[in-house]
Amino acid sequence: MEVSRALLFEVGALLTALALLGAVARRFALSPIPVYLLAGLSVGKGGIVPVAAADDFITTGAPIGIVLLLLTLGLEFSTTEFASSLRHHMPSAGVDIVLNATPGALAGWLLGLNGVAIFALAGVTYISSSGVIARLLEDLDRLGNRETPAVLSVLVLEDFAMAAYLPMFTVLALRGSWIEALAGTLAAVAALLAAFAASFRWGHHVGRLVAHPDSEQLLLRVLGLTLMVAALAELLHASAAVGAFLVGLTLTGETADRARRVLGPLRDLFAAIFFLAIGVSVDPRGLLPMLPVAIALAAVTGATKVLTGMFAARRDGAARRGQLRAGTALIARGEFSLIIIGLVGASIPTVAALATSYVFIMATIGPVLARYGGGRLAAAA
């Protein structure tokens, strides 16, 4: 088999650069996510150091990164506890939609855009980034905090909402009818609810299927199952992240503990590639035209996400600092918003330019604001 020297060199150089940048960020007690995003911007479309040979590796590694992030996050919780938390946070989901979809819709209306464009911007400002936030909770040592189940409930309920939104938006963006859009939405929601019910009812059998004393066998079994479930979730117009999270929830006890240990290094590698890929997907020249509007929209929706997180955490009895940590953790936008931008494409250039600038701002400043929204405080705080 012929080895691509360009591929090996570029991937090696990228990983070395990420290691150095990550070390600098951690030296100042910051999450490395923003510097990974900026690194991606510098090597992506219109960047200063193109890495054409590594493009396929980045494109392939990014979705694996988000799957591993949500899988390991799910390993921290049980299906029963999380199902109870989801039911408890239905009101939080309503507050989330009203506070965070409305600014995007209003911005589209004020810019004189059509209905599909307004619908697109509402989705972009509504949905937080599960991948970025999952890594943030790990980086900031907040997985055991009292407010964390509220944050995760909001994220999963947002992903459920996206299961309804994306099929509808896809049909409308392709100029389909509202009836076709509604039919696709109902099918996707039904499939996702069935998957969650199956995980809740029969998920405990999964642990017995993948358990094995050999670490290599455990890694291959858990990762193989997770990738297949994630692919099935995508096929049903749901989220690969939700599918991976559900697999993590089904594993408990010693199996979950060992899975976290063997998956940890792999997750860290591909998570870095995921954040790099967000930056790579953005053309720096596309950030400038709508930058002032994007900054204003970021300020408004950053505040509304903080209010959303505070509302959700208060329902779980978190103290004021815990509520603030929950709110700032939810600020980052990312993968779903980029999917919406991709669906809009060149057909609505105003939306693409505004949304791209907005997402990059939120993905970059979100982790920084989360770091100073309470820091590494104990769950009892």
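In what follows, residues are counted from 1 in the order of the sequence shown.
No side-chain heavy atom of Ser31 sits under 4.5 Å from any side-chain heavy atom of Arg135. Residues Asp316 and His88 form a side-chain contact, since some pair of their non-hydrogen atoms from C-beta on lies under 4.5 Å apart. Side chains of Leu137 and Leu152 form a contact here, defined as non-hydrogen atoms less than 4.5 Å apart. Using a 4.5 Å heavy-atom threshold, the side chains of Ile278 and Phe274 count as touching. When side chains are defined from C-beta on, Phe245 does not count as touching Leu71, because their heavy atoms never get closer than 4.5 Å. Between Ile64 and Leu266 there is no side-chain heavy-atom pair separated by less than 4.5 Å. You'll find the side chain of Lys305 reaches within 4.5 Å of the side chain of Arg333, heavy atoms only. Side-chain contact between Leu223 and Leu68 is present, with heavy atoms from C-beta onward closer than 4.5 Å.
A pairwise comparison of heavy atoms in Leu218 and Ala211 identifies CD1-CA, 4.4 Å as the closest pair. What you find for Ile33 and Pro367 is that their closest heavy atoms are CG2-CG, 3.9 Å.
Looking at Thr125, its side chain does come within 3.5 Å of a backbone N or O of Ala122 through a donor-acceptor pair. In this structure a side-chain-to-backbone donor-acceptor pair under 3.5 Å is missing from Arg315 to Met310. A distance-only check finds no donor-acceptor pair linking the side chain of Thr60 to the backbone of Phe57 [under 3.5 Å]. Ser337 places a side-chain N or O within donor-acceptor distance of the main-chain N or O of Val124, the cut-off being under 3.5 Å. Of the possible polar contacts, one joining the Glu10 side chain to the Ala53 backbone as a donor-acceptor pair under 3.5 Å is found. Put simply, the side chain of Thr148 gets close to the backbone of Arg142: a donor and an acceptor are under 3.5 Å apart. Distance alone, capped at 3.5 Å, places no donor-acceptor pair between the Arg325 side chain and the Ala370 backbone. In this structure, Glu158 contributes its side chain and Ile127 its backbone to no donor-acceptor pair below 3.5 Å. Panel note: side chain Gln323, backbone Ala318; a donor-acceptor pair is recorded below 3.5 Å.
Inspection of the Thr304 and Asn100 side chains reveals an N or O donor paired with an N or O acceptor under 3.5 Å.
Under the 4.5 Å side-chain heavy-atom criterion for grouping Ile, Leu, Val, Met, Phe, Trp and Tyr, Val210 is connected to Leu219 within one hydrophobic cluster.
Note on residues 214-233: no pairs pass salt bridge (Lys or Arg N to Asp or Glu O under 4.0 Å), not counting sequence neighbours.
Between Arg267 and Glu138 there is a salt bridge, since a side-chain N of the basic residue sits under 4.0 Å from a carboxylate O of the acidic one. Salt bridge absent: Asp139 and Arg371 never bring a charged side-chain N and a carboxylate O closer than 4.0 Å.
Alongside Leu220, the hydrophobic cluster contains no other residue (criterion: ILVMFWY side chains under 4.5 Å).
Atom CG of Asp56 has 12 or fewer neighbouring heavy atoms from other residues, nucleotides or ligands inside a 6.0 Å radius. When the shell of 6.0 Å around CZ of Arg26 is examined, it contains more than 12 heavy atoms from other residues, nucleotides or ligands.
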Exercise for the section: Apply the test ring pair (Phe, Tyr, Trp, His ring centres under 6.0 Å) to residues Tyr126 and Tyr165: give CA-CA distance (whole Å), side-chain angles for both, the deciding distance (0.1 Å), then the verdict. Expected result: CA-CA 11 Å; Tyr126 162 64; Tyr165 174 94; 8.0 Å; no
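Here the straight-line distance linking atom CG of Leu330 with atom OG1 of Thr301 works out to 12.0 Å at 0.5 Å rounding. Between the CG atom in Leu209 and the CG atom in Leu225 there is a gap of 8.0 Å [rounded to 0.5 Å].
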